[in-house]
Amino acid sequence: MRTEDLLAAIATGLWRWDSVSGAVTYDAEAARLVGLPAEAVTLPEAAARACFHPADWLEVKAIVELAVAEGTLAEARLRIVDEKGTVLRTVRTRSRPIARGGDDGYYLLGTLQEVPDPLPGTSAGGPPITGDWRRNREAFLLDAGRALAEAMSTAEVLRVAAGLSMPGFSPDGLAVFGVEGERISVIGHHGPRAGHDRPLHDIALSTDHPAAEVVRTGRAVYLPTPEEYRGRFPAAWSPGRPRTRRSWAFLPLIVAGRTIGAWMAGFADPVSFSPDERSVLTTIARMLAQALSRTALQETERELADGLQRSMLPAGKPDIPGLTVAARYVPTGGGLQVGGDWYDVIGLPSGRTALVIGDVQGHDVRAAGIMGQLRIAVRAYASEGHHPDAVLSRASRFLAGLAEPEGPDGRYDPRFATCLYMEVDPVAGTLDIARAGHPDPAVRLADGTMMLRPTAGGLPLGIDPDTDYPTTRVVLEPGETLLMCTDGLIETGGHDLETGWDRIRKVFERPVPQAAGSGGLDSDHLDSDDLEVLADSLVQAVHGPPSHHTTGPLADRREDDIALLLIRREAEVCLVGPGSAPVRRTAVTVAQAEPERIAGARQQLRDLLHDWADPDQVESAVLMLSEMVTNVLVHTDGDALLVAEVSGRPGARRLRLDVADGSDELPHRRRPGELASSGRGLLLMEMLSDNWGVDPRGDGKCIWYELYEAAPDPADHRAGGLAPGSPGSGAEPRFREGP
């Protein structure tokens, strides 16, 4: 006799479930037991699931997961239901997981046997086996505890509680009551349609209601039958309201010895509330209370932090005629979500506007408090009409005076802050910038090229009260965009200043599309939405796409706060003509006391010529710049003002570089000997430039040169530029000593 025939003779069927494909295979007897025709069949998981009571199916999944983890048998009782949900019979299943070869899945092989005499009072139709119940309970409680621990808001906790399917008995309705003074109200409810056995939503604590009694006494109330409910709490029982539940359990929600509310579980089937069932309900109530207390505290802290941060940032979007502004503030992930970064937009008595961005040392509450005080101080000094250097000098003295003893030992906790202060004239496009240890601003030129704007600066605020903060004037041309940011945008993710700016460049720098048929700028492209999108893109370049980080679980773990300000000067009509391209321009001041800034000026020029066709011409341009600026620093007492401009279409562009100083003495040619260390500057310009000259001015002079772009020629052995007299080389080199 075959094994299948022998098992069929004792009403036992065989089944197999594939965890990878989800296919469930029944032999003829197993198919009969689950309510299908008595023949072997293979079903998808959804079809097999329809044969069982929903609560029992979830219970079996929990049992199987525990058996797979422990390598033991999985045993359970299941109710077989028809299409209308009517229970046909109760079966007992025993199964063992067997690992599949070559993957992480497994087969579940088991038997089905009908339970002849189901006992009423439990959802499985019979008393559970002690081992089954214990395993079910442990698996369920582990899963419920993990789900409640991961919930990050009150709403998520309530959703998790509504989805809990308890082993052997599952509530069809839940309600969570919260205490507000002398009243309790429902803060979450899940169950039948509104109007059908719905609990009261607001009742006095003294009311004769099971939830009120639980809150008053701190003891659970179990009501296994409607008669007991009506007898114990007649005032809460409404005879005219239809009842869909047959048993109720009200349990206190207790945290640290204090009752914060009550939890009601209602059951459509009668439940006797055995000791094991009460134990499960009590454990769930404790975990639910802890989760609700934790999320309520987190939501309060989040609301406090958000309110604090909003109060320290400008209200509304700034409106500056002639400029478009976009701003972002992203606090450090975790904690109170507050920090020391800030930005501000201040209207000045002169009619101009000041833009400020800063970063107070630290990411704690004290940093946020100092930031608030410093922001108010800077706003006050600016509103008095002080120039940028005076505003930062006063702010530094103010911050130095905030050092307070901290801790029982009376130690001082001085904090410093970096700051970039900018006074904007939107009509002229001038930006007067004072910098206190803060990163330099970056400018995206009209053609999409990004360039750092080196500015003079002093020590961070609060270190030396007597520090001076020189002012640098920068011109923002029409169509150009300026970025001010804190170091969190640059250095997050293990980057230094160089690699951090390279990351920003990939987002900030992009080509400007041309209007069809005109060669001019697309007027629809430079709108306010574009700047807002750019601000979001810069933040996402550091953090990745947004993931609802303000409230979601495991919010982005940011290393530092981020604040950024973007300003764009509105493009003029017909900014560029047909067939032309936007002009690139940069300006750098090299002071007598800062000769090291020559290296920065060289880098500025290389950035300006990043797509120049001939690299030899680029090196020639950089060499001539060094000679011109060094000549000013060595032979005059003033500073050197460098202005470089690239115009024209790619492949036929012109570079003009001017270096101005305040001396009236004009340069003159010299004939240096072989061992001379100077005197070759003008000779280099004659050899390397396509055009050059000296223009006297009323307050000094300006020496300049021009280079015309050409494709590199291997036969051209000059250090750069075009050979004299070649096509497109322009006028012959000349030296002008007069107007």
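With respect to the salt-bridge test (charged N to carboxylate O, under 4.0 angstrom), the residues R397 and D466 do not qualify. Salt bridge annotation for R585-E477: present, with a cationic side-chain nitrogen under 4.0 angstrom from a carboxylate oxygen. Between D341 and R328 there is no salt bridge, since no side-chain nitrogen of the basic residue lies less than 4.0 Å from a carboxylate oxygen of the acidic one. Contact check on K701 versus D695 returns no salt bridge, with no Lys/Arg side-chain nitrogen under 4.0 Å from an Asp/Glu carboxylate oxygen. Between E480 and R569 no salt bridge is recorded (no basic side-chain N to carboxylate O distance below 4.0 Å).
Counting only heavy atoms from C-beta outward, the side chains of I346 and V356 approach each other to under 4.5 Å. Side-chain contact between L355 and V424 is present, with at least one heavy-atom pair separated by less than 4.5 Å. With a 4.5 Å cut-off on side-chain heavy atoms, L688 and Y705 do not count as touching.
Counted by atom type alone, E706 and W692 present zero donor-acceptor pairs between their side chains at under 3.5 Å. In this model, a donor atom of one side chain and an acceptor atom of the other lie less than 3.5 Å apart for H610 and T449. Judged by distance alone, the side chains of D607 and Q603 do bring a donor and an acceptor atom under 3.5 Å apart.
Figure legend: cation-pi geometry between R654 and Y708 absent, as NZ or CZ is not positioned both under 6.0 Å from the six-membered ring centre and within 45° of its axis.
Residues that satisfy the side-chain contact (heavy atoms from CB on, under 4.5 Å) test with D639, not counting sequence neighbours, are T589, A591, Q592. Shown here are the side-chain contact (heavy atoms from CB on, under 4.5 Å) partners of A390, two or more places apart in sequence or in another chain: H386, R394. For P441, the side-chain contact (heavy atoms from CB on, under 4.5 Å) partners at least two apart in sequence or on another chain are L420, I433, R453, T455, L482.
Under the 3.5 Å distance criterion, the side-chain polar atoms of D496 are matched with a main-chain donor or acceptor of T499. A distance-only check finds a donor-acceptor pair linking the side chain of Y469 to the backbone of L459 [under 3.5 Å].
In plain terms, the two heavy atoms of A400 and P465 that are nearest each other are CB-CG, 3.8 Å. Looking at every heavy atom in both residues, W704 comes nearest to V694 through NE1-N, 3.9 Å.
Within a 6.0 Å radius of CD in E498, other residues, nucleotides and ligands contribute 12 heavy atoms or fewer. The number of heavy atoms from other shown groups lying within 6.0 Å of CG (D637) does not exceed 12. Remark: H495 NE2 is packed, more than 12 non-hydrogen atoms of other residues, nucleotides or ligands lying under 6.0 Å away.
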Audit row: W612, E709, side chain to side chain donor-acceptor pair (under 3.5 Å) steps and yes/no: CA-CA 7 Å; W612 196 264; E709 185 178 25; 5.0 Å; no
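Among L483, V475, L476, T586, the single residue meeting the side chain to side chain contact (heavy atoms under 4.5 Å, CB included) criterion with V443 is L476.
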